[in-house]
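Chain naming here is simple, since letters A, B, ... match the order of the sequence lines and numbering starts at 1 in each.
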There are 2 protein chains.
Amino acid sequence: MNTVSAQAAAAGPAALHEPRYLGDVDIEQLRQHVPVTRRRLEAGQHLYRAGQPFNALFLVNVGCLKTCELSDDGREQVTGFRMRGDLIGAESIGLRGYACDVVALEAGEVWELPYPPMLSACLRIPELQARLTSALAEEIRHDRSWMLALGTLGAERRVASFLLDLAARYGRLGFSACHFILRMSRADIASFLALKHETVSRVLSRLQERGLILVERREIRILDADGLREAEPATLH
Amino acid sequence: MNTVSAQAAAAGPAALHEPRYLGDVDIEQLRQHVPVTRRRLEAGQHLYRAGQPFNALFLVNVGCLKTCELSDDGREQVTGFRMRGDLIGAESIGLRGYACDVVALEAGEVWELPYPPMLSACLRIPELQARLTSALAEEIRHDRSWMLALGTLGAERRVASFLLDLAARYGRLGFSACHFILRMSRADIASFLALKHETVSRVLSRLQERGLILVERREIRILDADGLREAEPATLH
DNA sequence: CGGCTACTTGAGTATTCTCAAATTGTGTGG
DNA sequence: CCACACAATTTGAGAATACTCAAGTAGCCG
């Protein structure tokens with residue numbers, strides 16, 4: 001959308017442990033088998049809602065989105081944030097309708113990959129099959145890794161881990177890893193980390209007091225990444 | 001493949017949200033492309049450990065196993081329990097080594113499905129490709145569903161959900177859904193539910209006092225499933 | 001500029017944890 | 001088959017973390 005996205009494009013594929021999902025697939029080759037279309041999104045707009053017919057996967061090109069898990073009894077939780085290069089919709093494969101809500105946190109653009117054509121393309125491009133499967137596996141690992149964090153860390157370390165995760169992802173995309181803007185509200189962060197927004201707010205203030213970060217509304221500056229990694233004694237076990 | 005599986009097969013596809021993974025694949029057809037071998041396990045034995053070379057997926061035929069996520073700084077958490085029909089190893093696809101530990105909770109048997117052959121078989125059996133992909137997606141949904149539970153429910157409802165989940169799975173396998181034996185320790189349950197074992201123990205006692213269940217060490221009898229579903233007021237939002 | 005939403009901060013509460021001890025079960029060797 | 005050692009489970013009491021409720025501040029949109 002501006003100079004920033006140009007930076008990201010120029011940076012090219014970095015090699016870290018975080019979801020680069022289908023990043024290495026030759027998009028041009030893919031286009032020969034799958035009709036890829038662009039879709040613009042406004043801030044707050046739903047990419048899809050739970051229950052809507054599942055017919056495509058998406059790749060985030062620009063912007064940041066959140067995925068929200070819903071339960072029949074009204075509970076809900078943010079289960080992740082997706083940025084450039086991330087795959088969206090994998091959780092709904094095999095279902096009639098999408099399994100969760102996906103909402104744009106800012107204006108952006110995604111590429112729509114119709115699913116049945118993707119499956120057939122996998123038969124013609126073995127590489128694509130392996131990659132799609134790996135992408136799903138990567139998503140499982142990503143979720144498990146956060147399950148571990150939420151299950152074993154206290155509030156302070158959860159927030160610290162969240163910031164470090166964002167930093168790493170921004171870094172991989174060619175942005176600054178120590179200075180970035182949060183695209184999501186405190187409430188979204190809290191929901192994702194299984195905390196209350198007041199707690200997130202307090203923790204951010206505390207981390208700032210300790211000189212580990214600078215917070216100014218949604219602007220974050222990481223001053224001491226190692227300090228963040230250590231953070232609090234945590235509720236080990 | 002005994003009377004139990006016959007029962008399970010007779011039950012047909014129950015429409016619950018739980019993994020039946022590769023259950024519908026024609027195993028005989030699969031054998032023509034993939035050398036499936038049996039592997040017996042003793043209680044406490046590791047099926048694999050994090051870091052060991054990844055070379056196969058597994059299908060549980062008999063017994064119950066737990067999967068454990070590990071972090072570099074020594075934290076660990078049980079991320080799931082696998083029983084007959086469940087797929088194991090999907091999280092490690094795309095990696096050199098396995099991503100987690102898997103431990104048998106009792107004597108049992110798994111089928112080993114070498115992975116590279118599985119991938120090639122997918123090219124020859126499109127049905128298998130779709131099913132493997134669906135299985136991974138199902139696993140993502142399963143994890144997300146528990147993330148939601150752990151993130152939004154109090155201790156009491158977590159334990160209740162856990163029991164109801166087990167009951168449903170046993171039911172689908174043709175066993176009694178209201179009377180079963182826990183294969184895992186309180187500590188394993190606690191780890192999975194992000195609680196302490198003392199808390200699990202207390203909650204079980206409380207649920208029994210309310211007449212919702214009967215607990216006798218690892219033997220569980222569900223007296224009032226609906227009551228369990230309601231349980232406590234929960235920490236909604 | 002007004003109204004709204006997002007965020008921050010404080011005070012008291014509540015749930016879950018920690019530490020500790022007692023109890024029950026299990027497996028093994030005698 | 002019994003006794004003992006060890007592991008798993010239960011239960012209690014006090015502590016700690018995160019929550020709830022509440023008030024106040026600060027950006028943002030129209």
Side-chain angles (χ1 to χ4, degrees), chain A residues 42-44 66 75 77-78 103 105-107 149-163 181-209 213-220 231-237, chain B residues 42-44 66 75 77-78 103 105-107 149-160 162-163 181-210 213-220 231-237:
Chain A
E42 299 305 316
K66 65 175 174 181
R75 285 171 294 126
Q77 183 177 29
V78 174
V103 186
L105 295 173
E106 58 182 334
L150 302 187
T152 58
L153 299 179
E156 199 147 320
R157 294 195 65 161
R158 287 188 213 178
V159 174
S161 298
F162 175 74
L163 293 177
I181 307 291
L182 297 175
R183 262 57 186 227
M184 65 295 288
S185 69
R186 300 286 191 272
D188 285 334
I189 299 174
S191 172
F192 176 64
L193 297 177
L195 299 170
K196 300 299 163 185
H197 66 91
E198 297 97 324
T199 303
V200 171
S201 191
R202 272 186 255 272
V203 169
L204 287 173
S205 301
R206 223 178 302 158
L207 294 176
Q208 182 170 41
E209 278 169 26
I213 60 174
L214 271 181
V215 189
E216 207 179 308
R217 195 158 179 79
R218 295 202 180 177
E219 186 178 352
I220 299 285
E232 156 218 19
T235 311
L236 280 176
H237 270 245
Chain B
E42 299 303 316
K66 65 176 173 181
R75 286 171 293 126
Q77 182 177 30
V78 174
V103 186
L105 296 173
E106 57 181 335
L150 303 187
T152 60
L153 300 178
E156 198 145 321
R157 294 195 66 161
R158 286 188 214 178
V159 174
F162 175 73
L163 293 177
I181 307 291
L182 297 174
R183 262 59 184 228
M184 65 295 289
S185 69
R186 299 287 190 270
D188 286 334
I189 299 173
S191 173
F192 176 65
L193 296 178
L195 298 170
K196 300 298 164 188
H197 67 91
E198 297 97 324
T199 303
V200 171
S201 191
R202 274 186 254 272
V203 169
L204 287 173
S205 302
R206 224 178 302 159
L207 293 176
Q208 181 170 43
E209 279 169 24
R210 293 200 204 153
I213 60 175
L214 272 180
V215 189
E216 208 179 309
R217 196 156 179 82
R218 296 202 179 177
E219 186 178 352
I220 299 285
E232 159 216 19
T235 310
L236 280 175
H237 270 241

Tell me: [atom1] of [X] to [atom2] of [N], nearest whole Å?
| X | N | atom1 | atom2 | value |
| --- | --- | --- | --- | --- |
| A:Glu219 | D:dG27 | CD | P | 12 Å |
| B:Asp188 | D:dA7 | CG | P | 15 Å |
| B:Glu106 | C:dT26 | CD | P | 15 Å |
| A:Leu193 | D:dC19 | CG | P | 11 Å |
| B:Arg206 | D:dT11 | CZ | P | 11 Å |
| A:Leu153 | D:dT17 | CG | P | 14 Å |
| B:Leu182 | D:dA8 | CG | P | 15 Å |

Checklist entry - Just how large is the angle between the end axes of the helix from C:dC1-D:dG30 to C:dG30-D:dC1, five pairs per end, to 10 degrees? => result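 Between the axes fitted at each end of the helix from C:dC1-D:dG30 to C:dG30-D:dC1 lies an angle of 50°.
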
Handout entry: 4.5 Å side-chain heavy-atom contact, B:Leu204 and B:Val159
Key =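 They are in contact (side-chain heavy atoms under 4.5 Å apart), so the answer is yes.
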
Say whether, by atom type as modelled, one donor and one acceptor occur between the side chain of B:Arg183 and the main chain of B:Leu105 under 3.5 angstrom.
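Not a single qualifying donor-acceptor pair exists.
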
So, using side-chain contact (heavy atoms from CB on, under 4.5 Å) as the criterion, who are the partners of B:Thr199 when residues are at least two apart?
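B:Thr199 satisfies side-chain contact (heavy atoms from CB on, under 4.5 Å) with B:Ala155, B:Leu195, B:Lys196, B:Val203 only.
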
Could you work out, with side-chain contact (heavy atoms from CB on, under 4.5 Å) as the rule, every residue matching A:Ser161, not counting sequence neighbours?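 Partners of A:Ser161 by the side-chain contact (heavy atoms from CB on, under 4.5 Å) criterion, ordered by chain and then number, come out as A:Trp146, A:Leu153.
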
- Query: Hey, mind stepping through A:Ile220 and A:Leu214 against side-chain contact (heavy atoms from CB on, under 4.5 Å) and telling me if it holds?
  - Reply: CA-CA 6 Å; A:Ile220 299 285; A:Leu214 271 181; over 6 Å; no

| message | Among residues at least two apart in sequence or on other chains, which ones pass salt bridge (Lys or Arg N to Asp or Glu O under 4.0 Å) with A:Arg186? | response |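 Counting only residues at least two positions away or on another chain, A:Arg186 forms no salt bridge (Lys or Arg N to Asp or Glu O under 4.0 Å).
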
Counting primed atoms, P, OP1 and OP2 as sugar-phosphate and everything else as base, the B/S/- map of nucleotides 6-13 of chain C against protein heavy atoms under 4.0 Å is SSBBBB--

- Query: Hey, does A:Ala190 reach any base, or is it just sugar-phosphate, or nothing, if we go heavy atoms under 4.0 Å?
  - Reply: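 Counting heavy atoms under 4.0 Å across all strands, no contact is made by A:Ala190.
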
Scan residues 199-209 of chain A for pairs that pass salt bridge (charged side-chain N to carboxylate O under 4.0 Å, His left out), counting only residues two or more places apart or in two chains.
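Qualifying pairs, neighbours excluded: A:Glu156-A:Arg206.
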
Checklist line | Spacing of B:Phe162 atom CZ and B:Leu193 atom CG [to the nearest 0.5 Å] | finding: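 B:Phe162 atom CZ to B:Leu193 atom CG measures 6.0 Å (nearest 0.5 Å).
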
message: Is there a side-chain contact (heavy atoms from CB on, under 4.5 Å) between B:His197 and B:Ser191? Walk through the geometry before answering.
response: CA-CA 8 Å; B:His197 67 91; B:Ser191 173; over 6 Å; no

